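Here the structure comes first, spelled out in structure tokens, and everything after it is commentary.
All figures in this text were calculated on a predicted structure; none of them were measured in a lab. Below, each value reflects all heavy atoms present in this structure, side chains not excepted, and no hydrogens, waters or symmetry copies.
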Amino acid sequence: MNIYTTDKIRNVVLLGHGGSGKTSLVEAMAYVSGLTTRIGKITDGNTISDYDKEEIKRKFSISTSVIPIEWDFWKINLLDTPGYM
């Protein structure tokens, strides 16, 4: 990963109700940016942001995950937040 100055870093928080597609959006963005070579699925338990055993078992995010994505000359930190209490 490249070294970025603070003016080239963006932090983007994805907020929404449980099941609204936050983790799926992170998967799609990671795939389009070239971070991954496949789009993971929550039902298969192979997403990059839901990696904890309990998250895979319950099929929803329990804690916030940070996924760093490089796009052009920007570094975008995607924060995938839980939708359930």
Just how far is it from atom [atom1] of [X] to atom [atom2] of [Y], taken to the nearest 0.5 Å?
X: N46; Y: K41; atom1: CG; atom2: NZ; result: 8.5 Å
X: T64; Y: L14; atom1: OG1; atom2: CG; result: 10.5 Å
X: Y31; Y: I39; atom1: OH; atom2: CD1; result: 6.0 Å
X: S63; Y: E55; atom1: OG; atom2: CD; result: 4.5 Å
X: M29; Y: I48; atom1: CE; atom2: CD1; result: 10.5 Å

Closest approach of [X] and [Y], non-hydrogen atoms and distance?
X: K22; Y: H17; result: NZ-O, 3.1 Å
X: S49; Y: S65; result: O-OG, 2.6 Å
X: L35; Y: P68; result: CD2-O, 3.6 Å
X: F73; Y: Y4; result: O-CE2, 3.5 Å
X: W71; Y: S33; result: CZ3-CA, 3.7 Å

Point to revise | Other residues, nucleotides, ligands: >12 heavy atoms within 6.0 Å of W74 CH2 | key: yes
Check your understanding: With sequence neighbours left out, which residue pairs that include part of residues 58-69 fulfil the salt bridge (charged side-chain N to carboxylate O under 4.0 Å, His left out) condition?
Key -> E54-R58
Holding to side-chain hydrogen bond (donor to acceptor under 3.5 Å, both in side chains), I want the full list of residues that pass it with [X], two or more places apart in sequence or in another chain.
X: D72; result: none
X: D44; result: none
X: D50; result: S61
X: T6; result: none

Review point. Distance-only, no hydrogens or angles: does the E70 side chain make a donor-acceptor pair with backbone N or O of N2 under 3.5 Å?
Key: yes
Check your understanding: Does T47 reach the main-chain N or O of I42 with its side chain, forming a donor-acceptor pair under 3.5 Å?
Key -> no
Practice item. Show your reasoning for whether side-chain contact (heavy atoms from CB on, under 4.5 Å) applies to I67 and N77. Key: CA-CA 6 Å; I67 309 300; N77 294 317; over 6 Å; no
Practice item. Determine whether I56 and Y51 fall in the same hydrophobic cluster, where Ile, Leu, Val, Met, Phe, Trp and Tyr are linked whenever their side-chain heavy atoms lie under 4.5 Å apart. Key: no
Point to revise | Side chains of D80 and T23, donor plus acceptor under 3.5 Å | key: yes
**Study point:** Residues clustered with L15, ILVMFWY side-chain links under 4.5 angstrom
**Key:** V13, V66, L79
